[in-house]
Protein chains: 2
Amino acid sequence: MAAPTKTKADPQSTRDRILDHSVQLASAEGLESLTIGRLATDLGLSKSGLFGHFGSKEELQLATIDLGSEIFARTVIVPALGEPAGAPRLSKLIYNFLDYLEQSTFEGGCFWGSVSAEFDNRPGPIRDSIQQKLGHWLDVLREQAAAAGAEDPEQMTFELHSIVQGANSAYQLFGDPEVFNRARVTLARMLPDG
Amino acid sequence: MAAPTKTKADPQSTRDRILDHSVQLASAEGLESLTIGRLATDLGLSKSGLFGHFGSKEELQLATIDLGSEIFARTVIVPALGEPAGAPRLSKLIYNFLDYLEQSTFEGGCFWGSVSAEFDNRPGPIRDSIQQKLGHWLDVLREQAAAAGAEDPEQMTFELHSIVQGANSAYQLFGDPEVFNRARVTLARMLPDG
DNA sequence: AATAAGAACGAACGATCGTTCGTATAGCGG
DNA sequence: CCGCTATACGAACGATCGTTCGTTCTTATT
């Protein structure tokens, strides 16, 4: 019985297919334009069938944030853990971040860039989740800045993150890929190992 | 006949009242959550009455961008024109920008920060307008960077704008006003006159 | 073979969306 | 005083929103 039995042993569950599409859509058009009807149409499902996998729209949005965050971690953070702590790992983290933008891992650029501006000012579980997960990324950055001997790790974290996000939004709005190289110039000046 | 005649000679026209509210709402929750019904309820108007002032939702959104852009220019750009071109004016522009954020001119922080991330990836007149008006701000910045003798004005523009926007989004999401001082530290290092 | 569990469906709900229409009211120019 | 224009209104439109419900079908367990 090697052949998949159609439902249970699917290589990718329906829920995963939904979230894969959902995370791309959210990065491109925001978490609010994730409508159940549109997702269902795009994936050839019924609204009620899709809905049943989550139970509410908010659950769908939270699950989407979870996946977006996981993809970010897998693409940017994990591959940097092979580097020694401190300056080398810090550099790798930042340049991975830039690569992830440049390679358009998400249709709409940085997942955080799209989603955090949207829920900045709307208290609730969604904002809380974004705060916590994006905060974790900043924690990782700050730890490595500290290990690299930065005199003010918090300051350095702010600067590095701002430059990368600046490159993202400039690229998204104006479409000039040259901003990534501009960001590299600035980052090389900021990072402890040049 | 000095007394206002209730409709024509209003100190503030209904249209202006709508847009004043609309621009605040857009900065806080985005241009898409500007619903006609909600605006009408908030302002004590009927949906159709409010609608008549614009003719379509897109016109309302474009008018909102116009006003947001105008307020930005009035708050950040104009007061810097008193400074001599070059380094002094460049500094004034940037620090005005920071002040405008810190004083919460808009409920949702920087108008551009809220609105540009939202329409990054949606071609159409709204994105075009944001591109053009935000582009004008970057032009102003680049001109002054050039006049200040920066060796790469485009690079400097990118860096300055990224840091200020980074402060905005960090403040919006995490609420710590200390980021503005962090931004000042970085900007002082970047600006030609320290 | 009987049963329980899960996935997906279609139909329908009340609410809200943007928009259209016809109408009433007001102020202004002739 | 009459008509014009602008302002605002209420009612209604079709579409879509998130959500609920009951049903069918498949798969897994007993």
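So you know, we letter chains A, B, ... as the sequences are listed, proteins then strands, and number each from 1.
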Near DNA chain D, under 4.0 Å by heavy atom, which residues of [range]?
range                       : value
residues 23-34 of chain B   : none
residues 40-49 of chain B   : Gly44(B), Leu45(B), Ser46(B), Ser48(B), Gly49(B)
residues 115-125 of chain A : none

Flag the pair Lys57(A) and Glu32(A) as a salt bridge only when some basic side-chain nitrogen lies within less than 4.0 angstrom of an acidic carboxylate oxygen.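 Between Glu32(A) and Lys57(A) there is a salt bridge, with a charged N closer than 4.0 Å to a carboxylate O.
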
May I ask you to say whether Asp139(A) pairs ionically with Arg142(A), meaning some side-chain N is under 4.0 Å from a carboxylate O?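 Yes, Asp139(A) and Arg142(A) are salt-bridged.
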
Quick check on contacts: within residues 54-70 of chain A, what sits under 4.0 Å from DNA chain C by heavy-atom distance?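 The answer is none.
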
State whether the side chain of [X] and the backbone N or O of [Y] hold a donor-acceptor pair below 3.5 Å, judged by distance alone.
X         : Y         : answer
Arg122(A) : Glu29(B)  : yes
Arg182(B) : Glu178(B) : no
Asn168(B) : Cys110(B) : yes

Let me know the distance between [atom1] of [X] and [atom2] of [N], rounded to the nearest Å.
X        : N       : atom1 : atom2 : result
Arg38(B) : dG18(C) : CZ    : P     : 12 Å
Leu50(A) : dC9(C)  : CG    : C1'   : 12 Å
Arg15(A) : dA8(C)  : CZ    : C1'   : 16 Å
Leu39(B) : dT16(C) : CG    : P     : 15 Å

If the condition is side-chain contact (heavy atoms from CB on, under 4.5 Å), which residues does Asp42(B) pass it with, not counting sequence neighbours?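 Partners of Asp42(B) under the side-chain contact (heavy atoms from CB on, under 4.5 Å) test: His21(B), Leu25(B), Arg38(B).
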
Is it true that, when you exclude Glu151(B) itself, more than 12 heavy atoms of the residues, nucleotides or ligands shown sit nearer than 6.0 Å to its CD?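 At most 12 heavy atoms, drawn from other residues, nucleotides or ligands, come within 6.0 Å of this atom.
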
Between Leu187(B) and Val164(B), is there a side-chain heavy-atom distance shorter than 4.5 Å?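 Yes, side chains in contact.
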
Is it true that Leu81(A) and Leu160(A) fall in one hydrophobic cluster, defined by side-chain heavy atoms closer than 4.5 Å?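 Yes: a chain of side-chain contacts under 4.5 Å links Leu81(A) to Leu160(A).
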
Where does the angle between the aromatic ring planes of [X] and [Y] fall among parallel (under 30°), tilted (30 to 60°) and perpendicular (over 60°)?
X         : Y         : value
Phe97(A)  : Phe72(A)  : perpendicular
His161(B) : Trp137(B) : tilted
Tyr100(A) : Phe106(A) : perpendicular

Qualifying residues under salt bridge (Lys or Arg N to Asp or Glu O under 4.0 Å), relative to Glu107(B), sequence neighbours excluded: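 Listed in chain order: nothing, the list is empty.
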
Does His53(B) place a side-chain N or O at less than 4.0 Å from the phosphate oxygens OP1/OP2 of dA6(D)?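 Negative; the distance criterion is not met.
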
Between dA8(C), dG18(D), dT19(C), which one does the side chain of Ile36(B) approach most closely?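 Looking only at side-chain atoms, Ile36(B) lies closest to dT19(C).
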
